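Quick one: the structure is below, questions incoming.
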Amino acid sequence: MPAVVRTREELAEARAAAGGSLALVPTMGALHEGHRSLIREARRRADVVAVSVFVNPLQFGPGEDFDRYPRTFDADLRACAEEGAALVFAPGREVMYPTEPQVTVRSGPMGARVEGVTRPGHFDGMLTVVLKLFNLVRPDVAVFGQKDAQQLAMIRRMVLDLNLPVEVVGAPTVREPDGLALSSRNRYLSADERATALALSRALRAGADAARGGPEAIAGAARAVLAEAATAEPPLTLDYLVLVDPATFLEVADAHTGPAVLAAAGRVGATHLIDNLPLDLGAPPER
Ligand code: PAF
């Protein structure tokens, strides 16, 4: 079993004893195969792997699912042990936020785009806790899922803008055989809701299949799938479907070439789901 540490002092001691390079996998628990793949990636990158488990209140808006977010610590610990993590940092709220925070990270214009439109303040809260985790754990490497593509882009930007001494690694999204991206929130879905939710990954796949036609064709193909899901029972209520630059999350122009991310989010019942596919829209035409 990994060593479980809950306080700053226990963490500092375990960190000093661990020696060698350290990779951190920050999580909010409810670990699934996607998290396991992050731990395996972390093991390839460093001598020691630490997993943090903390449901961060600062990144949930009013009316979001902070209270009902799944907390499955015993199963999480078993998953960490099976994947070979040496350390689990599971602080309480009083350790992460001993006082009401006055100084926090602002995610800037990028944090107000795309996912930030429907979840104002989410990226500020997420970046604040990630910076605190970096300061406490002092990892050489930190591994995050590509599933939360805007989160990953924002963390890369924070590391660049604040000169943080950590290498950020993105790991591919893990999917169910039928395409549904793994998420801790999938467990909220009934069988009917899950069937509707599949439209998100199907729409992205349809968009990717139309990639040779350029941004307009991609959006058109994806929207056709989503339009059907909007009238399903239960329906998918779309928050957004965008084709964006992976580094800035600004929507790309119709003549765009090179890397892009096709991202979509929506609600099925009370569950908020997000998904994305990285695309390559080819090289610019020769002059
Ligand atoms: O992706 C998550 O689980 C969370 O946003 C993170 C990075 C652990 C910060 O709370």
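No experiment lies behind these values; they were computed from the predicted model shown.
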How long is the span from the CG atom in L11 to the CG atom in L87, to the nearest 0.5 Å?
-> 6.5 Å

Evaluate side-chain contact (heavy atoms from CB on, under 4.5 Å) for V244 paired with V114, printing each intermediate quantity in order.
-> CA-CA 9 Å; V244 293; V114 190; 4.2 Å; yes

Tested for salt bridge (Lys or Arg N to Asp or Glu O under 4.0 Å) against D275, the lone hit among R185, R175, R202, R205 is R175

Where is the tightest heavy-atom contact between N135 and R138, given as atom of each residue plus distance?
-> O-CG, 3.5 Å

Passes salt bridge (charged side-chain N to carboxylate O under 4.0 Å, His left out), R156 versus D161? Steps please.
-> CA-CA 9 Å; R156 288 192 195 285; D161 287 347; over 6 Å; no

Can you tell me if CZ on R157 sees more than 12 non-hydrogen neighbours from other groups inside 6.0 Å?
-> no

Side-chain touch L281/L243, heavy atoms, less than 4.5 angstrom = yes

Exactly one of T27, L182, V25 clears side-chain contact (heavy atoms from CB on, under 4.5 Å) with H35, and that residue is T27

Within 45° cone and under 6.0 Å: R68 NZ/CZ vs Y188 ring | yes

Rounded to the nearest 0.5 Å, how far does CG of L198 lie from CD of E193?
-> 12.5 Å

L226 side, atom CG; T231 side, atom OG1 - distance, nearest 0.5 Å | 11.0 Å

Hphob cluster co-occupancy, M126 + L152, side-chain heavy atoms under 4.5 angstrom = yes

Would you say E64 has more than 12 foreign heavy atoms packed within less than 6.0 Å of its CD?
-> yes

Minimum heavy-atom separation for S184 to G29, with atom names?
-> OG-O, 3.8 Å

Is any NZ, NE, NH1 or NH2 atom of the basic residue among E83 and R43 found under 4.0 Å from an Asp or Glu carboxylate oxygen of the other?
-> no

To the nearest 0.5 Å, tell me how far I274 CD1 sits from Y240 OH.
-> 5.5 Å

Relative to Y69, does R187 satisfy both conditions: NZ or CZ under 6.0 angstrom from the six-membered ring centre, and within 45 degrees of the ring's axis?
-> no

Same cluster for F144 and V137 if Ile/Leu/Val/Met/Phe/Trp/Tyr side chains link at under 4.5 Å?
-> yes

Please tell me if the side chains of E10 and T7 come closer than 4.5 Å, counting only heavy atoms from C-beta onward.
-> yes

Taking all non-hydrogen atoms of both residues into account, name the closest pair between R6 and V95 and its distance.
-> O-CG2, 3.5 Å

Specify the closest pair of heavy atoms between V53 and V88, including all atoms of both residues, with the distance to one decimal.
-> CG2-CG1, 4.2 Å

Assess whether side-chain contact (heavy atoms from CB on, under 4.5 Å) is satisfied between L279 and V261, documenting all intermediate values.
-> CA-CA 6 Å; L279 302 180; V261 168; over 6 Å; no

Begin from the C-alpha positions of E82 and R36 and carry the test salt bridge (charged side-chain N to carboxylate O under 4.0 Å, His left out) through to its verdict.
-> CA-CA 9 Å; E82 282 163 18; R36 285 175 179 260; 2.7 Å; yes

So N56 and Y97, side chain to side chain donor-acceptor pair (under 3.5 Å) or not? Walk me through it.
-> CA-CA 10 Å; N56 172 35; Y97 299 111; 2.6 Å; yes

Atom of D254, atom of P215 and distance for their closest heavy-atom approach | O-CD, 3.2 Å

Taking atom CG of D65 and atom OG1 of T271, what is their separation to the nearest 0.5 Å?
-> 8.0 Å

Kindly check if the number of other-residue, nucleotide or ligand heavy atoms within 6.0 Å of CD (E228) is above 12?
-> no

Can you find a side-chain donor-acceptor pair between H272 and E115 that sits under 3.5 Å?
-> yes

Nearest-0.5 Å distance that lies between atom OG1 in T128 and atom CZ in R106 = 11.0 Å

On a heavy-atom basis, the closest approach of V143 and A171 is CG1-CB, 4.3 Å

Should we say atom CZ of R71 is surrounded by more than 12 heavy atoms from elsewhere, each under 6.0 Å from it?
-> yes

Please confirm whether the backbone N or O of Q146 pairs with a side-chain atom of N276, one donor and one acceptor, at under 3.5 Å?
-> yes

